[in-house]
Each structure stands twice: as C-alpha cells, then as structure tokens.
K.L.:
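Supplied in structure tokens, the structure appears directly below.
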Amino acid sequence: IINSLLHILLNGFNGNMGQAIQDQCRQFNMEVFDFQAKAIKLNDISAVIDFSSPEGFVTCIDFCVENKLPFISGTTGLVEKHLDSVRTAKKSIPILLASNMSIGVANLKSSIERYLLSINTPSKCKIIEIHHLNKKDSPSGTAIEIQSFLENFSGSKIDSPVEMQSHRIGEIFGIHRIVFENEEGITTFQHIANSRNVFARGALQAAKWLHSKEIGEHSFDEFLNKKL
C-alpha cells in the first residue's frame with residue numbers, strides 16, 4: 001500500500017509517465033507537485049521522482065543534492081556524464097535509478113536467472129523489445145539492463161553476444177521478449193505492460209521506501225527484496 005502521507009515533487013510532470021503518476025497520486029490521496037513550479041515548501045517533500053530527459057535529469061539531481069532530497073529516476077538514455085552526477089550525488093543523498101519500475105519485469109529477470117541456473121547447455125539469446133512510436137531511446141533502458149544481466153551471468157550459460165532487436169509500433173506501452181535457443185529447443189520469456197500505471201505505482205512505492213533510507217545509491221531490486 002502506498003503511503004497517503006507521501007508528498008512527491010515530480011520532474012516530467014506533463015509527460016506520459018508524469019500524468020500516470022499524477023493519476024496514481026489522486027487515487028491514493030497523495031500530494032504531487034510540479035518540479036518546475038515555484039514556491040514549493042521543500043520541507044514537506046518526501047522524495048523527488050524524475051521521468052524527464054537526460055538534460056532534465058542533471059538539473060533535477062543537482063537540485064536534490066542542494067536541498068538534501070531523496071532522488072528516484074526512471075529517465076533513460078543516460079551516458080557517462082550523467083552517471084558522473086550520480087557518483088557525486090550519492091555521497092550526500094539517497095538515490096534510486098531504475099530503467100523499469102515494474103515488479104513484473106523484476107519477476108521476469110528472476111525467472112530467467114532460475115532457468116539459466118537449471119540448464120547445462122549454453123544457449124544463444126535474443127532480446128526483442130517493442131514500444132510506442134514516440135519512445136525516443138532505442139533499445140529501451142530495460143532491454144539494455146537485461147542484456148547486461150545476461151552477458152555478465154556467471155557460468156558461461158550464454159553464447160555471447162546477446163542479439164538485440166528494437167521495434168517502435170503504434171501505442172504499445174512495452175513488450176520485452178527474451179528467447180533462448182540451444183540444441184534442446186527454444187525457451188521464451190516475455191513481459192507485456194498493459195498500461196503505464198504499473199510503472200507509476202512501482203515508482204511511488206519505491207519513493208516511499210527511499211524516503212527513509214540512508215545516503216547512497218540503492219537499486220530497485222534492493223527495494224523489491226525488502227518489499228517482498
């Protein structure tokens with residue numbers, strides 16, 4: 001259950017994810033404020049949530065450091081200079097970055113891990129990600145995260161490199177399909193998001209958790225381990 005006393009400062013207020021978070025806040029009687037607005041009482045803010053752009057990410061994280069506010073971001077397309085900001089900021093505030101804040105995707109990764117631990121035959125692997133036409137980054141941050149997870153999996157269960165396919169079609173919220181093929185057959189794992197609400201709820205639940213955490217960088221998996 002999301003804490004009704006949560007007060008959220010939201011960067012990317014009018015974007016697709018911003019609107020989904022606003023909807024969830026209204027549903028759970030939470031307060032949400034536009035990061036771009038003026039005269040906000042920062043003493044009341046529980047955490048700052050960022051779903052913006054790489055440029056907006058830097059502005060937001062610098063603001064959080066200056067005002068000692070917990071920072072959670074689902075912004076994708078970050079490169080090394082943005083990660084430099086994270087390395088500096090995590091010395092003074094709690095931070096959580098996650099390209100995907102869906103519990104379903106976290107469960108997908110857990111299922112894949114159990115599968116890889118159970119097989120003895122190395123497999124070729126392909127990731128197929130499908131999103132709406134307006135998604136700017138390709139491949140998706142989630143697909144990149146899954147690719148890194150697979151390529152660094154211990155035990156040489158994957159015949160590298162992992163193939164990546166990206167498609168932009170219609171208004172699809174997000175499909176991630178992971179296909180393993182070896183001499184024994186083909187095994188497929190898939191997650192389909194039916195709306196942005198699943199990501200919005202995950203972000204708000206993680207913000208509630210991060211609000212009480214110590215200074216440093218935290219992961220969505222860490223949050224889920226505590227939650228579950």
Side-chain angles (χ1 to χ4, degrees), residues 1-78 82-83 85-106 141-142 145 193 195-228:
I1 298 174
I2 303 171
N3 190 341
S4 61
L5 299 178
L6 212 60
H7 292 70
I8 296 298
L9 193 58
L10 177 59
N11 192 30
F13 194 80
N14 295 315
N16 289 327
M17 273 303 305
Q19 292 178 44
I21 288 173
Q22 289 183 64
D23 288 342
Q24 291 299 304
C25 286
R26 282 191 289 268
Q27 181 178 337
F28 290 98
N29 297 315
M30 289 183 292
E31 296 286 344
V32 59
F33 306 95
D34 186 353
F35 178 76
Q36 303 298 332
K38 306 297 182 182
I40 296 169
K41 294 181 179 179
L42 296 180
N43 289 339
D44 296 334
I45 299 299
S46 308
V48 177
I49 295 179
D50 168 66
F51 279 95
S52 58
S53 64
E55 294 74 21
F57 172 92
V58 173
T59 300
C60 193
I61 197 171
D62 288 347
F63 176 88
C64 289
V65 169
E66 181 181 351
N67 294 282
K68 304 300 181 187
L69 294 170
F71 175 73
I72 179 168
S73 180
T75 295
T76 56
L78 304 179
H82 306 117
L83 300 181
S85 296
V86 173
R87 284 187 277 270
T88 300
K90 70 181 183 181
K91 298 175 183 177
S92 57
I93 59 172
I95 292 177
L96 190 155
L97 307 182
S99 58
N100 191 301
M101 298 191 197
S102 160
I103 293 174
V105 167
T142 300
E145 182 181 322
S195 78
R196 292 185 179 88
N197 289 340
V198 63
F199 310 119
R201 282 193 293 270
L204 288 168
Q205 289 172 335
K208 173 190 172 184
W209 176 80
L210 189 68
H211 172 61
S212 61
K213 300 305 292 181
E214 64 277 6
I215 290 169
E217 186 173 2
H218 305 273
S219 70
F220 196 69
D221 285 343
E222 182 186 349
F223 153 66
L224 287 177
N225 288 337
K226 300 294 184 183
K227 180 179 185 296
L228 301 176

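Positions are given from 1, in the same order as the sequence printed here.
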K.L.:
Any side chain to side chain donor-acceptor pair (under 3.5 Å) involving residues 40-50? Give me the pairs, sequence neighbours left out, ordered by first then second residue.
P.N.:
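Listed once each, the pairs are Asn11-Asp50, Asp50-Ser52, Asp50-Ser73, Asp50-Thr75.
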K.L.:
Could you check whether the rings of His82 and Phe57 sit parallel, tilted or perpendicular, using 30° and 60° as the cut-offs?
P.N.:
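His82 vs Phe57 ring planes: perpendicular.
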K.L.:
Under the salt bridge (charged side-chain N to carboxylate O under 4.0 Å, His left out) test, which residues partner Arg26, sequence neighbours left out?
P.N.:
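Counting only residues at least two positions away or on another chain, Arg26 forms a salt bridge (charged side-chain N to carboxylate O under 4.0 Å, His left out) with Asp23.
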K.L.:
Are the side chains of Ile61 and Ile95 in touch, meaning some heavy atoms are under 4.5 Å apart?
P.N.:
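Heavy-atom side-chain distance check passes, below 4.5 Å.
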K.L.:
Considering only residues two or more places apart or on different chains, which pairs with a residue in residues 8-22 satisfy salt bridge (Lys or Arg N to Asp or Glu O under 4.0 Å)?
P.N.:
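Salt bridge (Lys or Arg N to Asp or Glu O under 4.0 Å) check on residues 8-22 returns no pairs.
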K.L.:
Drop me the distance from Gln19's CD to Asn14's CG, to the nearest 0.5 angstrom.
P.N.:
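Reported to 0.5 Å precision, the distance equals 6.5 Å.
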K.L.:
Verify whether the ring centers belonging to Phe63 and Phe35 lie closer than 6.0 Å.
P.N.:
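Yes, they do, as the ring centres are separated by less than 6.0 Å.
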K.L.:
Between atom CG of Leu42 and atom CG of Asn67, what is the distance when rounded to the nearest 0.5 Å?
P.N.:
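Leu42 CG to Asn67 CG: 5.0 Å, rounded to 0.5 Å.
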K.L.:
Between atom CG of Leu96 and atom CZ of Phe223, what is the distance when rounded to the nearest 0.5 Å?
P.N.:
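Those atoms lie 8.5 Å apart.
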K.L.:
Is the side chain of Gln24 donor-acceptor paired with the backbone N or O of Asn197 at a distance under 3.5 Å, no angle test?
P.N.:
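Between the backbone of Asn197 and the side chain of Gln24 there is no qualifying donor-acceptor contact (under 3.5 Å).
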K.L.:
Rounded at 0.5 Å granularity, tell me how far NE2 in His218 sits from NZ in Lys90.
P.N.:
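With rounding to 0.5 Å, NE2 (His218) is 10.5 Å from NZ (Lys90).
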K.L.:
Atom CD1 of Ile49 and atom CZ of Phe71: how far apart are they, to the nearest 0.5 Å?
P.N.:
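Between atom CD1 of Ile49 and atom CZ of Phe71 there are 10.5 Å.
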